[in-house]
Number of protein chains: 2
Amino acid sequence: MGIELRHLAAFVAVAESLHFRRAAERLHVAQPALSRTIAQLEARLGARLVERSTRNVRLTEAGRVLLPEARATLAAADRAVHRTRAVSEGTVGHLSVTYMDFAINGPLPAILARFRATHPDVEITLRHLWTERQREAVLAGEVDIGFLIGPFDAPGVRSVVVRRERLCVVLPAAHRLAAAERVPLGHLRDEPFVLGNLEAWAPFRRLVDDACRAVGFTPRVVQEAYNSDGIFGLVAAGLGVTVYVDGGARRYRPADVVVRPLADVGVEVATTAAWRADNRSPVLARFVEALSAD
Amino acid sequence: MGIELRHLAAFVAVAESLHFRRAAERLHVAQPALSRTIAQLEARLGARLVERSTRNVRLTEAGRVLLPEARATLAAADRAVHRTRAVSEGTVGHLSVTYMDFAINGPLPAILARFRATHPDVEITLRHLWTERQREAVLAGEVDIGFLIGPFDAPGVRSVVVRRERLCVVLPAAHRLAAAERVPLGHLRDEPFVLGNLEAWAPFRRLVDDACRAVGFTPRVVQEAYNSDGIFGLVAAGLGVTVYVDGGARRYRPADVVVRPLADVGVEVATTAAWRADNRSPVLARFVEALSAD
DNA sequence: GCAGCTCGATGCCCATGAGGCATCAATCTA
DNA sequence: TAGATTGATGCCTCATGGGCATCGAGCTGC
């Protein structure tokens, strides 16, 4: 008993071609059906829209008013359909991502570039956060996906390892061990260490501590920094040595630090992407697909 | 096979109440019908819109995007319907009106006031035009309705007389005939006349000439003016006398002119509204109704 | 000037599908 | 655990959208 989009579409077709048969073709219906649709629209509006004889079809004043309104309504419907589809397919929408240093110095830039290439209309919010704060944020649903030091095993949380890296040692260029091809961790026993501060770098600090303890010493930390730039700067300044991840360290190559693999350490750092299993965001689903697609 | 307004209306009802049974009541349909309409909308969009269990109904991300779009589409449709109806009923629209001096000094202001009171949303364009130019404009369809000196008998033109007025004489206050209750036209035989110029006032000039010739003289025109203000001003200045219409002259009452009925002239001036019979403007139809309603 | 088109409208018919009622399974409450 | 309430589903009916054939009106061309 009401106006429907099919009425408006029929009217626009008639108004634009001013010819029932051709308008009917355009709508892929037979001409009698169109005649009736227009008649029905007129009846429901209580207004004559089209002045028609067998030789002449033209709009009434009411028809001229309806035409732009009908077009606008159809356009609004079209927009509604397309935007909804886009969001549901994850080609449009929003994704909030957090990361820590190893991720941004490692696999994350390539992942983001790849995703943005296939999903240019997804708005991505990036925020730097330490691993432990990321775990809280992911669990609380404050963030769609976090790139952190794994593993992250918690009920309702899914994760994939995006990169495994071995540890390496970073030395001032002038260091006595800089000449060695590979450095056994035990040789760092008496070295002064520069490491990330405990609060932000806790999981990595535990990992380094464990590795050192396995070869019989506890690292003597003489300087802490809040981020990788700080750590590498302090090492370059000759304040101490540090242990970092293999791939990430390669990005830092000022002439005055030297990166060497550790000879005897099997420990790997797993840069891990983690998200809530019940997060139904279609964009997240596409992002996760993209993660494992390569 | 397409989305219809009923789908959007159903979705908005569900999204707003987050409860199928109550939404169904609001839409005056049974709950199963609504469930199916929503399912159908989801199928046609290829997108899940509502996350629903028997205990919980909430929107998906796609649903949250669709909601405002659907509302906007329904509002656009509503607006289209209402504007079209209003125009077709003549309660909204446009009317172009022309008039000459006798109309605007006579019946037209009251007619316009009455019409505007009942049709406040009709936009009226008023333009001053001499009778003969109005005839052309009405015939050419440049104007919806003209108020002119009748009669106006032409094929395809309809007209009604909105006022008939007798002629009167307008004299300088100090004139020797000012004392008379009524003035016979013949007494003006030797008077200098002020009249409207021939181009603009042709029909009235013909009328005055005919009346004078009927009592045996031709008016000696010493001064012409383009409009009524000019004519009355020149008479007030003592340059001559004039003949005008009865009702219209009553509006002009500076202390220095005197209006007197003509004793022996039966001629009446018919202020006439004229429009094209094939003008389908609903506003015009309502305006014409209002003309004859009173 | 008439035959033959082309136009939109109409009659008739059928298939689709919207919507109602009864009922189901799941879930929460008392 | 019984009962109430939720949205989904099966089944049925009837309204209606749409197709084909055809009509009357009006233009065109021989």
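Below, read A as the first sequence line, B as the second, and so on, with proteins coming before strands; counting in each chain starts at 1. Predicted model, so just to flag it, every value in this text is computed and none were measured.
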> So which one's nearest nucleotide on DNA chain C is more toward 5', B:S53 or A:N56?
Replying inline: A:N56
> Could you give the CZ-to-P distance, from A:R58 to C:dC7, as a whole number of Å?
Replying inline: 18 Å
> Would you say A:R79's side chain and B:E69's backbone share a donor-acceptor pair under 3.5 angstrom?
Replying inline: no
>> Between A:E289 and A:R286, does any side-chain N to carboxylate O distance fall below 4.0 Å?
In response: yes
>> In this structure, how many angstroms lie between the C1' atom of D:dA25 and the CZ atom of A:F20, rounded?
In response: 15 Å
> Taking atom C1' of C:dG8 as reference, at what distance in whole Å does atom CZ of A:R22 sit?
Replying inline: 13 Å
> Over how many whole Å does the gap from A:R36 atom CZ to D:dC20 atom C1' extend?
Replying inline: 10 Å
> Atom CG of B:L34 and atom C1' of D:dT9: how far apart are they, to the nearest Å?
Replying inline: 15 Å
> Quick one: the side chain of B:Q40 and the base of C:dA18, do they pair up donor-acceptor inside 3.5 Å?
Replying inline: no
> So, are B:E142 and B:R133 salt-bridged, with charged N and O less than 4.0 Å apart?
Replying inline: no
>> Between A:A33 and B:P32, which residue's closest nucleotide on DNA chain D lies nearer the 5′ terminus?
In response: B:P32
> To the nearest angstrom, how far is B:H7 atom NE2 from C:dG17 atom P?
Replying inline: 11 Å
> Whole Å only: how far is the CD atom of B:E42 from the C1' atom of D:dA8?
Replying inline: 12 Å
> Does A:S35 put a side-chain nitrogen or oxygen below 4.0 Å from OP1 or OP2 of C:dA9?
Replying inline: yes
> Can a side chain N or O of B:R52 be found less than 4.0 Å away from OP1 or OP2 on D:dG7?
Replying inline: no
> Can you tell me how far C1' of D:dT16 sits from CG of A:L41, to the nearest Å?
Replying inline: 16 Å
> Would you call A:R135 and A:E132 a salt bridge, using N to O less than 4.0 angstrom?
Replying inline: no
